[in-house]
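Following: one structure in structure tokens, then a few remarks.
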Amino acid sequence: MAGNRGLLAADKRYLASVIHQVWRACQGFASVVTERGPEDAFFLLDELDEWAAAQRRRLASRAARKPAGLSSQGVRVARELLDDVSTFCSAIGDMVARLRASPLSPEEVEEECLMIVDGFVAWTHRMASQLGVSRNLRPQAIWPLR
């Protein structure tokens, strides 16, 4: 992931919004996993992946649909971050599918799923720190997963 040199305030706000969206999806995933089970939580990862793909298309567009004020550096970093989000969604989906097919009890599968999503949230925290966007994230946007 690229460093934060050259990022404008608008870039940082946009990157923070991407991370916030990931956190919202992770919170929803954790809630559904604990209430209904992992098989019912897959749709949240699919929705996040679709959202990330739509954002990448929006960033690639030369039309006015692109978020206002983003620098070329901000667009590049945002694309990389969104690519990583999609990669994580796919990998988490694969891991959860393997867990469901494993000999683990439903409670153990639930615990493993929550640990996986905790890892995703931890990664986004690191990205926010490295990109210098932590200040742009409101504390109320962070919910405890457990």
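- If you take CD on Q21 and CG on L82, they are separated by 10.5 Å, rounding to the nearest 0.5 Å.
- Within the model, atoms NE2 of H125 and CH2 of W23 stand 4.5 Å from one another, a figure rounded to the nearest 0.5 Å.
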* S86 and R56: CA distance, side-chain angles, deciding distance, side-chain hydrogen bond (donor to acceptor under 3.5 Å, both in side chains) verdict -> CA-CA 10 Å; S86 288; R56 282 193 310 277; 2.9 Å; yes
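- A pairwise comparison of heavy atoms in V96 and F42 identifies CG1-CZ, 3.7 Å as the closest pair.
- Here the CD atom belonging to E112 is positioned 8.5 Å from the OG atom belonging to S102, to the nearest 0.5 angstrom.
- Side-chain contact between E35 and S31 is present, with at least one heavy-atom pair separated by less than 4.5 Å.
- Summarising the geometry of V33 relative to P38, their closest heavy-atom pair is CG2-CA, 4.0 Å, with the distance given to 0.1 Å.
- Side-chain contact between V77 and D11: absent, with no pair of heavy atoms (C-beta onward) separated by less than 4.5 Å.
- Counting heavy atoms from C-beta outward, F29 and L48 have side chains that stay 4.5 Å or more apart.
- Partners of E39 under the salt bridge (Lys or Arg N to Asp or Glu O under 4.0 Å) rule, at least two apart in sequence or in another chain, are R100.
- Listed here is the closest heavy atom pair of L7 and G74: CD2-CA, 3.8 Å.
- Looking at T124, its side chain does come within 3.5 Å of a backbone N or O of V121 through a donor-acceptor pair.
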* Residues Q73, R76; criterion side-chain hydrogen bond (donor to acceptor under 3.5 Å, both in side chains); working and verdict -> CA-CA 5 Å; Q73 174 77 358; R76 188 177 65 73; 3.3 Å; yes
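- With values rounded to the nearest 0.5 angstrom, R13 atom CZ is found 11.0 Å from R135 atom CZ.
- L8 and L59 are assigned to two separate hydrophobic clusters, defined by single-linkage of ILVMFWY side chains at heavy-atom distances under 4.5 Å.
- Considering only residues two or more places apart in sequence or on other chains, F88 meets the ring pair (Phe, Tyr, Trp, His ring centres under 6.0 Å) condition with F120, W123.
- Taken to the nearest 0.5 Å, the CD atom of E111 stands 11.0 Å off from the OG1 atom of T34.
- Put simply, the side chain of C113 reaches to within 4.5 Å of the side chain of L99, judged on heavy atoms.
- Heavy-atom minimum distance, Y14 versus A78: CE2-CB, 3.7 Å.
- Taking CG of L81 as the reference point, atom CG of L131 lies at 7.0 Å (rounded to 0.5 Å).
- V85 is not listed as a side-chain neighbour of D49, based on a closest heavy-atom distance of 4.5 Å or more.
- Counting only heavy atoms from C-beta outward, the side chains of L44 and V32 approach each other to under 4.5 Å.
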